[in-house]
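So you know, we letter chains A, B, ... as the sequences are listed, proteins then strands, and number each from 1. As a basis for the values below, the full set of heavy atoms in this structure was taken, side chains included, without hydrogen atoms, waters or symmetry mates.
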Amino acid sequence: MPSMASNNSTHTVKVNQLNGPKADSHARRQKIEQHRKALPIAAVEKKLLEEVSKNDILIIVGETGSGKTTQLPQYLFNGGFCRNGGVIGITQPRRVAAVTVAKRVAEECGATLGQKVGYSIRFEDTTSSSTRIKYMTDGLLLREALLDPYLSKYSVIIVDEAHERTVQTDVLLGLLKTVQKTRSSSASDHAQSENGALLKKQEDVRSTNILKHSRGKKLPPLKLIIMSASLDARIFSEYFGGARAVHVQGRQYPVDILYTRQPETDYVDAALITIFQIHLEEGPGDVLVFLTGQEEIESIERLVQDRLPKLPESKRKLSIIPIFASLPSEKQMKVFLPAPDGFRKIILATNIAETSVTIPGIKYVVDPGMVKVRTYDPSSGIEPLIIVKTSKAQALQRSGRAGREGPGKCYRLYPENEFYKLKDSTMPEIKRCNLSNVILQLKALGVDDIIGFDFIEEPDRMAIIKSMELLFLLGALTDDGKLSDPVGHQMSRLPLDPIYSKALVVANQFSCLEEMLIVVSMLSVESIFYAPREKLEESRTALKSFSSTEGDHLTLLNTYRASDEFLEKSKLVSSNEKAEKNLRKWCKENFINSRSLKHARDIHSQIRRNVEQMGLCITSCGEDMLPLRRCLAASFFLNAALKQPDGTYRALSSGLTVQIHPSSVLFRGKPECIIFDELVRTNQNYIRNISVIDYLWLIELAPQCYALQE
DNA sequence: GAGCACTGC
């Protein structure tokens, strides 16, 4: 291994001679350089460059703290991999990671963000024509592929965190495998061919390779680097034809793993006992407890508070901090604040603390070994959340949270032999989710044979068939399984659930695109309304001013319009910033989740641009909401339900007995025929976001599914 | 009369 001894130590002399802010920045640059050189990956810079030069595909297994995400792109840039204007693209599964890493790397390069180094995520693109190191989400790169099927601007693509195996990462790997083959083996005359022809042409490429080779300009080959933190690189290596894998050391403090002697019957109770045990017997340091959901977190919080007065006074200095995704962000921020003097922080977290949020100061981790996951039942289309045991990889990830700043301890609330019985890794998302969106995107990329597509791991056959069927019934696919024109093509361009895309594509014919843009934006975000138990009455009164007797979709429309009107008025008299702040206050008064509303506004402006680019005319139905409800029927027809004599409903496509969720404005109304947005299974089958329709509309607008019954 | 892990375009 080449030694990477410091080669510019002579600069140190100069630094001491400088004064003022310049000296500060110089000192800072030096500090950055020192930090970079001390990273484990720095020792293998030269070796890595050689490996990338020699191999078109390289798997890098980098442990936590190796520095791979920030350093490798810089090594490649300095190693000449951006010659001829090529861009190094690095994908991340999460937005925050793309943003924070890009900022850090820009600083390390001494560049302004958006110049040499930038990031691009949905709603936010900081890159420019001079950007050479581009961090982005993997979903965004997939979208880019729809416009540029050969990803021609990239000379290197690094897929980071591939071990997480998100749907987007898996699809991206399949796409990149083909893109790379095409770019290294064939002429680029397809580059000028129409979008979406990429994989369809793949067959021709193989058979008429030489012929194609002689025409057109050749695209430069694509270097592909897959980075994973899991110790097992085999699956990636095998997928890429026995690709070379290299290992980069990490830098983590040791974490003591402790197990229970016996299996615990009640992990919540066991967690509670462990919290107190750590607090009373262990030295200073904060505690991170992994729980499965909000309910568990709130119940443990109450239990700890209840027991606290029973402790000796000197031992009562515990600060309990809950964190989960739906918590308002200002409350989430509390995990980053230091506890009051002498207090120990006990952080009660969901999976959010496993990868998304890194909390400083954690010395102890309590891991009951359970996690809540979404599953998918292809036959009913329901995606229930269930509590299951974690995988070994997950348990390791959790315990690692205790060793970031110093040696730590992890308490696994199960016996050691149970650990060995756990699955090695979590089942990839693609094997347990609805595939309709994935299939629509692959079709748009020209993959006609979905079952024959080279997935790193094959999805369930039944799930593929069910999703194809849905797309066919929506009119996105033709009889022979090809993307339909224009409906399928238009739908694939929209970053939405296929049913929502369908609603937009047909809204034009109902002259209600303006309204439908708002409705699908509001449906696309987490719940807009919140009703805290202690203020149930107040929140209900607030909702009343927006509610419509015709259903929740119109209620969402009214809400959006009311908020928009408020914001516009506010902007007339205040600065934009002040107006946004006023809007947040307005949200609070009206029991609306302002984060969700902001998200809906962002989606709205994006999809409005999308439909304009498609050349659709944005029409409005004005005061008459009938066309809007008919349009909902024309797109949500698979989610239709009829009232039964006992007051429950029968979902027409699945035959399931369902109930209107109590949060719906139609909960008491009980109309004869309705369409709904989603079916959730808890104690019962509940349907949410519902609108009143006429059964005859279904026969008229969805004859492929409904006929007049004799 | 009910509660929902986490991401992403």
Side-chain angles (χ1 to χ4, degrees), chain A residues 91-98 120-125 136-147 161 164-172 290-299 323-327 349-357 370-375 383-388 390 394 397 426 428-430 432-433 437-438 440-441 444 491-498 500-501 520-521 524-527 529-533 536 539-540 593 596 599 602-603 606-607 609-610 647 659-664 666-668 678-688:
Chain A
T91 71
Q92 296 290 326
R94 280 170 297 281
R95 294 161 55 93
V96 269
S120 187
I121 57 177
R122 188 184 188 183
F123 310 132
E124 224 184 317
D125 181 9
M136 66 198 128
T137 46
D138 36 24
L140 196 105
L141 186 60
L142 272 177
R143 286 277 157 195
E144 267 186 26
L146 289 177
L147 302 171
E161 313 285 8
E164 288 193 22
R165 303 292 308 278
T166 65
V167 183
Q168 319 255 40
T169 303
D170 272 18
V171 175
L172 189 60
F290 283 100
L291 297 161
T292 66
Q294 180 175 353
E295 221 176 81
E296 263 175 35
I297 288 174
E298 286 170 352
S299 109
I323 181 165
F324 43 88
S326 59
L327 202 66
T350 59
N351 251 7
I352 195 170
E354 216 173 87
T355 47
S356 310
V357 175
M370 306 303 279
V371 63
K372 200 181 274 186
V373 290
R374 193 177 279 289
T375 52
E383 305 173 67
L385 287 165
I386 54 168
I387 294 173
V388 296
T390 61
Q394 237 176 333
Q397 173 69 23
T426 311
E429 200 185 351
I430 203 158
R432 50 183 172 89
C433 77
N437 226 337
V438 167
L440 191 61
Q441 283 208 34
M491 281 173 63
S492 72
R493 286 296 145 109
L494 292 163
L496 295 168
D497 271 5
Y500 301 170
S501 302
V520 301
S521 302
S524 296
V525 301
E526 328 69 65
S527 95
F529 303 108
Y530 66 88
R533 241 179 246 124
L536 213 55
S539 61
R540 209 171 296 157
N593 183 333
S596 300
H599 193 191
D602 285 338
I603 293 175
Q606 186 191 27
I607 60 179
R609 254 195 329 270
N610 287 152
Q659 308 244 33
I660 295 182
H661 194 274
S663 65
S664 171
L666 294 177
F667 178 63
R668 287 176 201 286
E678 63 169 347
L679 200 169
V680 288
R681 182 179 317 195
T682 51
N683 299 327
Q684 313 218 33
N685 292 324
Y686 282 108
I687 48 176
R688 300 188 5 168

Visitor: Classify A:Ser356 by what it touches in the nucleic acid, base, sugar-phosphate, or nothing, heavy-atom distance under 4.0 Å.
Guide: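 Answer is sugar-phosphate: A:Ser356 comes under 4.0 Å of backbone atoms only.
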Visitor: Ignoring the backbone of A:Ile352, work out which of B:dA2, B:dC6, B:dG8 is nearest its side chain.
Guide: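 Of all the options, the side chain of A:Ile352 is nearest to B:dC6.
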Visitor: Nearest whole angstrom, please: distance from the P of B:dG8 to the CG of A:Asp602.
Guide: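 Whole-Å distance recorded here is 13 Å.
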Visitor: Name the closest nucleotide to the A:Asn437 side chain, picking from B:dA5, B:dT7, B:dG8.
Guide: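 My answer, after comparing the listed nucleotides, is B:dG8.
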Visitor: What about A:Arg143: does its side chain form a donor-acceptor pair under 3.5 Å with the base of B:dG8?
Guide: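 By the distance-only test, no, there is no pair.
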Visitor: How do A:Arg374 and A:Leu494 order along DNA chain B: which one's closest nucleotide is nearer the 5' end?
Guide: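 So the residue in question is A:Arg374.
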Visitor: So which nucleotide from B:dT7, B:dA2, B:dA5 ends up closest to the side chain of A:Gln294?
Guide: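 For the A:Gln294 side chain, the nearest candidate turns out to be B:dA5.
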Visitor: Across the strands shown, which category fits A:Arg668 at heavy-atom distances under 4.0 angstrom: base, sugar-phosphate, nothing?
Guide: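 Answer is base: heavy atoms of A:Arg668 come under 4.0 Å of a base.
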Visitor: Check side-chain contact (heavy atoms from CB on, under 4.5 Å) between A:Ser524 and all other residues, then give those that pass, not counting sequence neighbours.
Guide: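 A:Leu496, A:Tyr500, A:Ile603.
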Visitor: What's A:Arg165 touching, base or sugar-phosphate or nothing? Going by heavy atoms closer than 4.0 Å.
Guide: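 The residue A:Arg165 makes no contact with any strand.
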Visitor: Regarding A:Glu526, tell me which of base, sugar-phosphate or nothing describes its non-hydrogen contacts under 4.0 Å with the strands shown.
Guide: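 The residue A:Glu526 makes no contact with any strand.
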Visitor: Does a side-chain N-to-carboxylate-O contact under 4.0 Å join A:Lys372 and A:Glu295?
Guide: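 No.
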Visitor: If you check every side-chain atom of A:His661, which of B:dA2, B:dC9, B:dC6 has the closest atom?
Guide: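 Minimum distance to the A:His661 side chain belongs to B:dA2.
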Visitor: Between A:Ala531 and A:Ala325, who's closer to the 5' end of DNA chain B by nearest nucleotide?
Guide: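 Result: A:Ala531.
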Visitor: Using a cut-off of less than 4.0 Å, is there contact between a side-chain N or O of A:Thr355 and OP1 or OP2 of B:dC6?
Guide: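 For A:Thr355, the contact criterion (side-chain N or O under 4.0 Å from OP1 or OP2 of B:dC6) is not met.
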Visitor: Taking only side-chain N and O atoms of A:Arg95, does any of them lie within less than 4.0 angstrom of OP1 or OP2 on B:dC9?
Guide: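 Yes, such a contact exists.
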Visitor: Please name all residues satisfying side chain to side chain donor-acceptor pair (under 3.5 Å) with A:Asp602, sequence neighbours left out, ordered by chain then number.
Guide: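 For A:Asp602, the residues satisfying side chain to side chain donor-acceptor pair (under 3.5 Å) (neighbours in sequence not counted) are A:Lys598.
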Visitor: How far does OG1 of A:Thr375 sit from CD1 of A:Ile386, to the nearest 0.5 angstrom?
Guide: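 Going from OG1 on A:Thr375 over to CD1 on A:Ile386, the span is 4.5 Å.
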Visitor: Atom CG of A:Leu140 to atom P of B:dG8: distance rounded to whole Å?
Guide: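 To the nearest whole Å, that distance equals 12 Å.
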Visitor: Does a nitrogen or oxygen in the side chain of A:Thr350 sit under 4.0 Å from OP1 or OP2 of B:dC6?
Guide: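 The answer is yes; a side-chain N or O of A:Thr350 sits under 4.0 Å from OP1 or OP2.
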Visitor: Using a heavy-atom cut-off of 4.0 Å across all strands, would you classify A:Asn683 as base, sugar-phosphate, or nothing?
Guide: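 Contact class for A:Asn683: sugar-phosphate only.
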